[in-house]
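See below for the structure under consideration.
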Amino acid sequence: MPGSEWGTATEQRFSVNLSILFTELPLLERPAAAAAAGFTAVELWWPWVDSPTPERSELGALKKAIEDAGVRLTGLNFYAGQLPGPDRGALSIPGAESERFRANIDVAADFARSLGCRALNALYGNRVEGVEAAEQDALALENLVLAARAADRSGAILLIETLNQPESPRYPLVSAPAGVAVVDRVNEASGLGNARFLMDLYHLSMNGEDLPSVIERYAAKTGHVQIADNPGRGAPGTGTLPLEDLLGRLRKAGYEGWVGLEYKPGDRPSAAAFDWLPAEARAAR
């Protein structure tokens, strides 16, 4: 809804996803760009798609860019393969990808801890032809427990995300119940209770789910929320999702966490893709 203002936006805590917004800029310039747009919190997919264990200098440079910009890192993905691209995670894929995920666990958790980031997202990974689903699920549980322990040591929660069937046809977690079931299995296996559902309203809407019902059923198990409008995965107001109403329902259901802005800016600079949100509502309170 370009030009309009969300009446309740000041009650939200928004975080800008720098892996989908401000991508016209080099990675190290994006935190400052988000700050210049009025935001005080950012989140990231794993930035080094080819490397689960980047050089310490690269990690240090990103840490410095975030700190210099004066923004807070509120969410970080573990290594997930080529994302954006053909991959949807690594942790359930036997062989080299699983090993890359394991090599990344402590690297990502330590980086998150160094910046006070309290949420780490572990994308499940696609189904692999010729491998039994049960074998992938057993490997996934093993790796997710390792990730949950690392997150716990860093004072963070572990997020499990549902994607959508049309865009991720080989990804097995394409409904809210499927994602929450994995959350429950991880919590039972780890005994830590720090796994939470990542409720991405765009993905759930693409799956045709009843979003008010999902919110009512799963808000208590939700550790992070992400939004984009549908159709198009653009800014709020570019599609037909009643995002202001849905976020209001989440608040009433007790969700007080971050709302990640994980949408495409469209054919305009990212800095121009926030006209739906009043300037005074962008800095987290």
Side-chain angles (χ1 to χ4, degrees), residues 9 11-21 34 39-47 66 71-78 80 83 88-89 91 108-109 111-113 115-124 144 147-148 150-152 154-164 171 173-184 186-187 192-207 209 211 214-228 233 236 241 243 246-263 284-285:
E11 299 175 38
Q12 309 287 355
R13 292 195 298 161
F14 294 105
S15 179
V16 178
N17 190 299
L18 298 181
S19 298
I20 194 169
L21 285 155
F39 293 94
T40 55
V42 299
E43 62 185 41
L44 283 163
W45 303 340
W46 184 248
I66 291 169
V71 294
R72 175 178 173 185
L73 183 68
T74 59
L76 177 69
N77 282 15
F78 287 105
L83 184 75
R88 297 292 186 271
L91 62 91
F111 184 75
R113 182 174 60 228
L115 285 162
C117 174
R118 299 285 183 255
L120 287 155
N121 183 29
L123 283 168
Y124 202 83
L144 285 167
D152 185 64
S154 297
I157 59 173
L158 174 71
L159 297 170
I160 310 293
E161 183 173 8
T162 289
L163 301 183
N164 75 76
Y171 191 82
L173 308 184
V174 288
S175 73
V180 171
V182 172
V183 168
D184 290 343
V186 173
N187 283 333
L192 295 170
N194 69 330
R196 297 283 187 278
F197 181 47
L198 195 166
M199 186 184 292
D200 186 308
L201 296 177
Y202 167 74
H203 288 311
L204 297 176
S205 70
M206 283 285 287
N207 289 328
E209 297 189 61
L211 298 183
V214 167
I215 289 167
E216 183 180 351
R217 292 172 66 191
Y218 300 125
K221 295 187 176 185
T222 296
H224 188 55
V225 170
Q226 290 175 331
I227 63 170
R233 200 174 185 176
L241 277 186
L243 287 167
L246 293 169
L247 293 181
R249 288 172 182 267
L250 270 161
R251 280 198 316 279
K252 289 174 185 172
Y255 179 76
E256 297 179 345
W258 294 96
V259 176
L261 306 181
E262 196 187 54
Y263 59 78
R285 287 158 178 77

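Note that the CG atom of Leu76 and the CG atom of Leu159 stand 10.5 Å from one another [nearest 0.5 Å]. Here Gln226 contributes atom CD and Leu204 contributes atom CG; the two are 10.5 Å apart, rounded to the nearest 0.5 Å. Distance OG1/Thr222 to CD1/Ile215: 8.5 Å, rounded to 0.5 Å. To the nearest 0.5 Å, the span separating NE2 on His224 from CD1 on Ile157 amounts to 8.5 Å. We find the CG-CZ distance between Leu241 and Arg233 to be 12.5 Å, quoted to the nearest 0.5 Å. To the nearest 0.5 Å, atom CG of residue Asn17 and atom CG of residue Leu261 are 8.5 Å apart.
At distances below 3.5 Å, at least one donor-acceptor pair connects side-chain atoms of Glu209 with backbone N or O atoms of Ala176. Side chain of Ser154 to main chain of Ala109: a donor-acceptor pair is present (N/O by atom type, distance under 3.5 Å, no hydrogens or angles). Side-chain atoms of Tyr263 do not come within 3.5 Å of backbone N or O of Ile227 as any donor-acceptor pair. Using modelled atom types, one side-chain atom of Arg13 and one backbone atom of Glu256 make a donor-acceptor pair closer than 3.5 Å. Side chain of Asn187 to main chain of Asn194: a donor-acceptor pair is present (N/O by atom type, distance under 3.5 Å, no hydrogens or angles). A donor-acceptor distance shorter than 3.5 angstrom exists from the side chain of Thr40 to the backbone of Ala284, with no hydrogens or angles considered. Judged purely by atom type and a 3.5 angstrom limit, Tyr255 uses its side chain to pair as donor or acceptor with the backbone of Val225.
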Exercise. Between Leu201 and Leu247, does a side-chain contact (heavy atoms from CB on, under 4.5 Å) hold up when you go through it step by step?
Worked result: CA-CA 10 Å; Leu201 296 177; Leu247 293 181; 4.2 Å; yes
For this session: Could you go through the side-chain contact (heavy atoms from CB on, under 4.5 Å) check for Glu43 and Thr74 one step at a time?
Result: CA-CA 5 Å; Glu43 62 185 41; Thr74 59; 4.2 Å; yes
Exercise. Could you walk me through whether Lys221 and Asp184 pass the side-chain contact (heavy atoms from CB on, under 4.5 Å) check?
Worked result: CA-CA 9 Å; Lys221 295 187 176 185; Asp184 290 343; 3.0 Å; yes
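Minimum heavy-atom separation, Phe14 to Trp258: O-CZ3, 3.7 Å. In terms of heavy-atom proximity, Tyr171 sits nearest to Arg88 at CE1-O, 3.3 Å.
For the pair Leu123/Glu161, a side-chain contact is recorded, criterion being any heavy-atom separation below 4.5 Å from C-beta on. The shortest side-chain heavy-atom distance between Val71 and Ile66 falls under the 4.5 Å cut-off. In this structure, Pro177 and Tyr218 have side chains that are in contact, with non-hydrogen atoms separated by less than 4.5 Å.
Exactly one of Leu198, Asn207, Val180 qualifies for a side-chain contact (heavy atoms from CB on, under 4.5 Å) with Thr162. That residue is Asn207.
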